[in-house]
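Whatever order the structure lists them in is the order used to number ligands and atoms, beginning at 1.
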Amino acid sequence: MRILIADQIHPEGIYYLKNAGFDVEEKLDLRNDELMNEIPIYDALIVRSKTKVTKEIIQAGTNLLVIGRAGVGLDNVDVVSAKERNIKVLNTPDVSTTSVAELVMGFMISAMRHIPQATASIKSGEWKKERFAGKELAGKTLGIVGIGRIGNAVAKRAASFDMEVIGFDPYVNNSERIQSVNFDTLLSKSDVVSFHVPLTESTYHMLSLKEIRKMKKGVVIINASRGGIIDEEGLKQGLDEGIVGAVALDTFELEKPFSTVLAGYENFIATPHIGAQTEEAQRRAGIEIAKVLANYLRDNKS
Ligand code: NAD
């Protein structure tokens, strides 16, 4: 069976598939029309987030049995068209949980202790101790929106920093570490709020100026889930009104091309969607997608 790898995955994943007897070809950076020309001869396609698996590509994949996405979100795969053609779509939802949770802890500490701003100041030759007085995480309340894999992993780490952890999730009532509250209570009680939800109709702009005005003065707002969940205009307004103390974002509504209204704010820190960009998460994603895809092909070969 022939597998096309269209985005770079960890070499151990490729090794696993070859060793399992599959005919594996790696063709990276194909344009959409090139992928459409290539796809008909393959039984399986593996991508990460770069390649867009559109309806046209799925229709051209006349032999396709399965599409594997090494990573979590399926935003780049037209899952509806795949389902219509009875093509299985697999992903690896667990592989980046630890990496994202660690980035979020980094955001929390950076926001409280102004590490990025102090670094920039030191590099410009300044020595301004008073300017970088900060706050401890211990004793603060962390509000987690979305009590799933990453929300729970963040809660576990925050508890070890002696934070109180509360959370809101309409579909999850109990979690070992997180006390469930409604969204308004979370907004009014939390010193730090971190979002860990998928982007859906109900989560799009779930934090806008209206909600920000219910928050504690000086609140730290973190989003390492998906862009569009927080209204960045609302955040800007919240910073201007002195309600929001700091913002830390890994994900943005406009990533390609990138744009944000927050860029000029001193207490805004950010990373370019690197939550899952660790050696360990990428390795796990490559190996895991190879395993689940190989199992699927073995079980479904006619
Ligand atoms: P998950 O499915 O385990 O958890 C998501 C939780 O959100 C679920 O418990 C769900 O019930 C809850 N939820 C859904 N709608 C909600 C709403 N309206 N209000 C509150 N909660 C709601 O997902 P996960 O693995 O924890 O991932 C969380 C998010 O992180 C996803 O958006 C994922 O795409 C993103 N993510 C980002 C990166 C990155 O690079 N920054 C990497 C991996 C995952």
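For ligand 1, the polar-atom distance check against Pro93 finds no nitrogen or oxygen pair separated by under 3.5 Å. Taking only nitrogen or oxygen atoms, main chain and side chain alike, Thr251 does not reach within less than 3.5 Å of ligand 1. Considering backbone and side-chain N/O atoms, Thr200 never comes within less than 3.5 Å of an N/O atom of ligand 1. Looking at ligand 1, you won't find any N or O of Tyr171 less than 3.5 Å from one of its N or O atoms. Looking at Ala224 next to ligand 1, an N or O pair under 3.5 Å apart turns up.
Of all heavy-atom pairs between Ile269 and Ser110, the closest is CD1-CB, 3.5 Å. Of all heavy-atom pairs spanning Ser49 and Arg69, the tightest one is N-NH1, 3.8 Å.
Considering only non-hydrogen protein atoms, atom 40 (O) of ligand 1 sits nearest to His273 CD2, 3.1 Å. In terms of protein heavy-atom proximity, atom 8 (C) of ligand 1 is closest to Asp169 OD2, 3.4 Å. For atom 2 (O) of ligand 1, the nearest non-hydrogen atom of the protein is Arg149 NH2, 3.5 Å. When only non-hydrogen protein atoms are considered, atom 44 (C) of ligand 1 lies nearest to Ile150 CD1, 3.5 Å. With hydrogens left out, the protein atom closest to atom 28 (C) of ligand 1 is His196 O, 3.5 Å, a heavy atom. Among all protein heavy atoms, the one lying closest to atom 19 (N) of ligand 1 is Pro170 CD, 3.3 Å. Nearest to atom 43 (C) of ligand 1 among the protein's heavy atoms is Ser96 OG, 3.4 Å. Scanning the protein for heavy atoms near atom 38 (C) of ligand 1, the closest one is Val100 CG2, 3.7 Å.
Every residue meeting the salt bridge (Lys or Arg N to Asp or Glu O under 4.0 Å) condition with Glu34, not counting sequence neighbours, appears here in chain and number order: Arg31.
In the candidate list Val197, Asp250, Ile144, Val197 is nearest to atom 22 (C) of ligand 1, counting heavy atoms. Closest heavy-atom approach to atom 29 (C) of ligand 1 within the set Ser225, Gly146, Gly148: this belongs to Ser225.
In this structure, the separation between CG on Asp191 and CE on Met108 is 11.0 Å, given to the nearest 0.5 Å. In this structure, CG on Leu249 lies 6.5 Å from CG on Leu235, to the nearest 0.5 angstrom. Within the model, atoms CD1 of Ile230 and CD of Glu232 stand 8.0 Å from one another, a figure rounded to the nearest 0.5 Å. In this structure, CD1 in Ile109 is found 6.0 Å from CG in Leu137, a value given to the nearest 0.5 Å. To the nearest 0.5 Å, the span separating NZ on Lys88 from CG on Leu297 amounts to 12.5 Å.
Heavy-atom proximity to Ile147, at under 4.0 Å, picks out these atoms of ligand 1: 9 (O). Close approach to Ala276 involves these atoms of ligand 1, each under 4.0 Å from a residue heavy atom: 40 (O). With ligand atoms numbered from 1 in the order given, ligand 1 contributes 15 (N), 16 (C), 17 (C), 18 (N) to contacts under 4.0 Å with heavy atoms of Thr203. For ligand 1, the atoms sitting less than 4.0 Å from at least one non-hydrogen atom of Met206 are 19 (N), numbered in the order shown with element in parentheses. For ligand 1 and Val172, the ligand atoms under 4.0 Å from any heavy atom of the residue are 9 (O). Counting the atoms of ligand 1 from 1 in the order shown, those under 4.0 Å from a heavy atom of Arg226 are 32 (O), 34 (O), 37 (C). Atoms of ligand 1 found under 4.0 Å from any heavy atom of Ser202 (numbered from 1 in listed order, with element): 18 (N).
Of all the heavy atoms of Pro198, the ones lying under 4.0 Å from any atom of ligand 1 are found in both the backbone and the side chain. Neither the backbone nor the side chain of Thr97 has a heavy atom within less than 4.0 Å of ligand 1. When non-hydrogen atoms are compared, ligand 1 lies under 4.0 Å from neither the backbone nor the side chain of Phe183. Neither the backbone nor the side chain of Gln277 comes within contact range of ligand 1; no heavy atom lies under 4.0 Å.
In this structure, Arg131 pairs ionically with Glu266, as a charged nitrogen and a carboxylate oxygen lie closer than 4.0 Å. We find that Lys52 and Asp78 are not joined by a salt bridge, their nearest charged nitrogen and carboxylate oxygen being 4.0 Å or further apart.
Glu255 places a side-chain N or O within 3.5 Å of a backbone atom of Phe252 that can act as its donor or acceptor partner.
Under a 4.5 Å side-chain heavy-atom cut-off, the cluster of Ile, Leu, Val, Met, Phe, Trp and Tyr residues that includes Val72 has no other member.
Using bins of under 30°, 30° to 60° and over 60° for the plane-to-plane angle, the ring pair Phe132/His114 lands in the tilted bin.
For the pair Leu4 and Leu35, the minimum side-chain heavy-atom distance is below 4.5 Å.
Side-chain heavy atoms closer than 4.5 Å link hydrophobic residues (I, L, V, M, F, W, Y) into clusters, and following such links, even through other members, never connects Ile221 to Val104.
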